[in-house]
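Notes for the one structure printed next.
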Amino acid sequence: MWFGNKIYIFFISIWLIGLYFILNTFHTPPSDVSRAVNDRIESLQTEVDSLRKQISKLKNNVKSDSAQVNENPDNNWKKLKNELLLVKEQLSSRKSTSPEFGPGLEYEQLRRKIEIQARELSYFTLKQLEKFDAKLSEQDKEQLKNVIDRFGDQSRLLLASIRNLTKVDGYNSWREKEAKDLSNLIQARLKKLQNPSSDCTQTKRLVCNINKGCGYGCEIHHAMHCFHIAYALGRPLILLSEGWRYNPDGFDKIFEPLSNKCTKEMTAGSEPWGKNYESSQVIELPLIDNIHPRVNFLPMAIPEDLSQRLIKLTGHPFSWFTGQLMKYLLRPQTWLAEMIEKKREQIQFDSPVVGIHVRRTDKIGSEASYHDISEYMKYVQEYYDIHQYQYPSVKLVKRVFIATDDPSVFKDARSKFPDYIFYGDANISQTAQLNSRYGTESLKGVVLDIHFLSLSDYLVCTFSSQICRVAYEIMQQRHPDAAWRIQSLDDIYYFGGQNAHDQRAFISHRRQFSDEFDFNKGDTLGIEGNHWDGWSKGSDKNNGQHGLYPSYKAEDIVQIASMHTYPDVTVVKKEEK
């Protein structure tokens, strides 16, 4: 049995090595590729000219054998002519994906897919290898541990190589610029949306009450669902927040007002959301779960007119777009911005740093399971191992920012992992206790925690937590593509009350394990969760089967919806100096 396992591991290793060499083909600098194509064109052009001369000479000097003589040179000339045209097309395509114009969509999607596949392979293989432990002798157990360690090390080296692609492929400046341009455009649209040129009383508008009666992350996501609809319909949003449990004086005392022109006095005569949502002058939005009729522009949809740019830029277009809406929604008042900066200087926050959010108290046993600090630190260590492979000459300092509602987590982490520097504030954890959770002091604490989690280079948390998801969404504002910078210990990312989250099978599958189901290439799979062991749970919407399916054979379907396009908003790009 052990020898069979050795063979299995051997083939997995060969697969990884092969994938590594495949990845190396991506490392050819764009300039070298273009130079090679140009050289090939010049060579082909010379060959074509030479053959043309030969054909002409042969036609004149060997008339009796012209048919036979012309056949080979003429065919060769045609073949070379076709090859020349093909290479010219390739060069033209290369120009359209140069650093100036950005990479091709297929390249960006393939690059991201390779990382996902590598991670899923690691999840599956390590989980399967761990199952053999109980069936082995003590000697074989030691050998298995060595194999698992070696496989994990190879996997981390592979991921380091994949992540370094963005540093060597010549497109990083385009990614940074595209992210900045898209952000500027969306922020300009939101500013115009919230401050219409006409009298706000003459503008169709939306009303949303932030007081949902739940925690901070939950209420922020409630406001965000309202903002999504406001953007989609092109209607300014008026946020009602008097008596807010986190600050009775209202949202505007913590964050900048959403509008300078549309105020709470302009909400009179509002109607509830219904079939007349397009024609009514003022509509008050309910909780997202109570939206009827349902519309296709609800989360997790992205605007159609920006969809191709978003899909090309990031592996998670919806959370990136949501991060931009949140950037406008959560603009801090001056006093709050100063408090955040003072806290950053105080704790000497530096990079690289991994943020972990340890959720405990009232959520354990109801919305989430208990996770020991070691479960978080496993992925923290993995991130730093990969980071060291990416930057082998840099002396690594391992920093971790802890946000938690359980003050004991700090002592537990520092005692078990003494080679790490831990940031965080146990006093903030105290304000998150059930008896002191609501109020301005608690609000300051949760805002600080989310801010520093979002500044982290990598996040380890539970997506069942609204705080974790808010931090991840805000993190999108700092990176062109932060889709990979997260490890959830439970759920996949979701937006409460969202429309269906579906995946598409890009490879057919026939059941190999008892809990799996069959599906065909192209089938729509409704995903319920990723188990982080090689399988996801869900159902095939084409054949009705339900159960587990291999995560690596499916990919997310990006929901795209027609939304307001803001034709009167333009952003003048500053010339690069």
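For this chain, numbers begin at 1 and follow the sequence in order.
- Contact check for Val460 versus Tyr383: no side-chain heavy atoms found under the 4.5 Å cut-off.
- Relative orientation of the His387 and Tyr384 rings is perpendicular, given thresholds of 30° and 60° on the angle between their planes.
- Relative to the six-membered ring of Tyr328, Arg331 meets both conditions, a distance below 6.0 Å and an angle of at most 45° to the axis.
- Residues Asp540 and Tyr549 are not in side-chain contact: their nearest non-hydrogen atoms beyond the backbone lie 4.5 Å or more apart.
- Around atom CD of Glu242, no more than 12 heavy atoms belonging to other residues, nucleotides or ligands sit under 6.0 Å away.
- Both tests hold for Arg469 against Tyr494: distance to the six-membered ring centre under 6.0 Å, angle to the ring axis within 45°.
- Here Phe401 contributes atom CZ and Asp425 contributes atom CG; the two are 8.0 Å apart, rounded to the nearest 0.5 Å.
- Counting only residues at least two apart or on different chains, the salt bridge (Lys or Arg N to Asp or Glu O under 4.0 Å) pairs with a member in residues 412-423 are Asp372-Lys416, Lys398-Asp419, Asp412-Lys416.
- Atom NZ of Lys541 has more than 12 neighbouring heavy atoms from other residues, nucleotides or ligands inside a 6.0 Å radius.
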request  = Kindly indicate, with the supporting measurements, whether the criterion side chain to side chain contact (heavy atoms under 4.5 Å, CB included) is fulfilled by His451 and Lys343.
outcome  = CA-CA 11 Å; His451 176 76; Lys343 190 68 175 180; over 6 Å; no

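- Within the structure, every pair that satisfies the salt bridge (Lys or Arg N to Asp or Glu O under 4.0 Å) test and touches residues 141-151, not counting sequence neighbours, is listed here: Glu138-Lys141, Lys145-Asp149.
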key: Stepwise side chain to side chain contact (heavy atoms under 4.5 Å, CB included) test for Ile229 and Trp273   = CA-CA 11 Å; Ile229 294 176; Trp273 177 274; 4.0 Å; yes

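- Trp535 and Phe513 have perpendicular rings, their planes meeting at more than 60° on a 0 to 90° scale where under 30° would count as parallel.
- Exactly one residue among Lys113, Lys312, Arg175 makes a salt bridge (charged side-chain N to carboxylate O under 4.0 Å, His left out) with Glu108. That residue is Arg175.
- Residues His222 and His225 bring their aromatic ring centres within 6.0 Å.
- The CG atom of Asn543 sits 10.0 Å away from atom CZ of Phe519, with the distance rounded to the nearest 0.5 Å.
- Distance alone, capped at 3.5 Å, is enough to place a donor-acceptor pair between the Asp457 side chain and the Val353 backbone.
- Aromatic ring centres of Phe297 and His228 lie farther apart than the 6.0 Å criterion allows.
- Here the side chain of Glu219 pairs a donor or acceptor atom with the backbone of Gly213 at under 3.5 angstrom.
- For Glu473 and Tyr493, the side-chain atoms include at least one donor-acceptor pair closer than 3.5 Å.
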request  = Go through the steps for Glu284 and Asn209 under the test side chain to side chain donor-acceptor pair (under 3.5 Å), then give the verdict.
outcome  = CA-CA 8 Å; Glu284 182 163 0; Asn209 194 321; 5.2 Å; no

message = Applying side chain to side chain contact (heavy atoms under 4.5 Å, CB included) to Asn499 and Gln559, what does each step give before you reach the verdict?
response = CA-CA 9 Å; Asn499 283 338; Gln559 300 297 324; over 6 Å; no

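- Annotation: the span from Asp518 atom CG to Gln512 atom CD amounts to 10.0 Å, rounded to 0.5 Å.
- For Ser488, the side chain to side chain donor-acceptor pair (under 3.5 Å) partners are Asp490, not counting sequence neighbours.
- Side-chain contact between Val380 and Tyr420 is present, with heavy atoms from C-beta onward closer than 4.5 Å.
- At least one side-chain heavy atom of Leu182 sits under 4.5 Å from a side-chain heavy atom of Trp320.
- Scanning both residues, Glu516 and Pro550, for their nearest heavy atoms gives OE2-CD, 3.9 Å.
- Distance alone, capped at 3.5 Å, is enough to place a donor-acceptor pair between the Gln477 side chain and the Gly323 backbone.
- For Glu341, the CD atom sits in a packed shell: over 12 heavy atoms of surrounding residues, nucleotides or ligands are nearer than 6.0 Å.
- No donor-acceptor distance shorter than 3.5 angstrom exists from the side chain of Glu345 to the backbone of Gln348, with no hydrogens or angles considered.
- Aromatic rings of Tyr231 and Phe321 (six-membered ring for Trp) have centroids within the 6.0 Å cut-off, being under it.
- Look at Glu115 and Arg112 and you find no salt bridge, because none of the NZ, NE, NH1 or NH2 atoms lies under 4.0 Å from a carboxylate O.
- When the salt bridge (charged side-chain N to carboxylate O under 4.0 Å, His left out) test is applied to Asp350, the partners found at least two apart in sequence or on another chain are Arg399.
- Around the CZ atom of Arg478, the shell of radius 6.0 Å holds more than 12 heavy atoms that belong to other residues, nucleotides or ligands.
- Expressed to the nearest 0.5 Å, how far CZ of Arg119 lies from CG of Leu158 amounts to 12.0 Å.
- Contacts of Tyr123 classified as side chain to side chain donor-acceptor pair (under 3.5 Å), with partners at least two apart in sequence or in another chain: Gln487.
- A heavy-atom distance below 4.5 Å is found between the side chains of Thr166 and Arg111.
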inquiry  = Set out, in order, the CA-CA distance, both residues' side-chain angles and the distance that settles side chain to side chain donor-acceptor pair (under 3.5 Å) for His316 and Gln476, then state yes or no.
reply    = CA-CA 9 Å; His316 200 180; Gln476 309 298 317; 5.7 Å; no

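- Across every non-hydrogen atom of Gln503 and Ala554, the tightest pair is OE1-CB, 3.6 Å.
- Distance CD1/Ile220 to CD1/Ile474: 8.5 Å, rounded to 0.5 Å.
- Classified by interplanar angle (parallel below 30°, tilted 30° to 60°, perpendicular above 60°), the ring pair Tyr472/Phe463 is perpendicular.
- For the pair Ala561 and Ala301, the tightest heavy-atom approach, listed with the atom from each and the gap, is CB-CB, 4.0 Å.
- Here His292 pairs with nothing under the side chain to side chain donor-acceptor pair (under 3.5 Å) rule; sequence neighbours left out.
- Checked by atom type and distance alone, the side chain of Ser465 pairs as donor or acceptor with a backbone atom of Ile467 at under 3.5 Å.
- Heavy atoms of other residues, nucleotides or ligands lying less than 6.0 angstrom from NZ of Lys537 number 12 at most.
- Inter-residue side-chain proximity for Pro286 and Ile291 is flagged as met; some heavy-atom pair is nearer than 4.5 Å.
- Ser408 and Asp406 share a side-chain donor-acceptor pair at under 3.5 Å.
- Atom-to-atom distance recorded for His531:NE2 and Asp515:CG is 9.5 Å, nearest 0.5 angstrom.
- With a 4.5 Å cut-off on side-chain heavy atoms, Arg510 and Asn520 count as touching.
- At a threshold of 4.5 Å between non-hydrogen side-chain atoms, the residues Tyr423 and Phe349 count as touching.
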request  = Show the numbers, then the answer: is there a side chain to side chain contact (heavy atoms under 4.5 Å, CB included) between Ile557 and Thr524?
outcome  = CA-CA 9 Å; Ile557 297 174; Thr524 298; 4.3 Å; yes

request  = Go through Thr440 and Asn247 one step at a time and tell me if the side chain to side chain donor-acceptor pair (under 3.5 Å) criterion holds.
outcome  = CA-CA 5 Å; Thr440 303; Asn247 189 292; 3.2 Å; yes

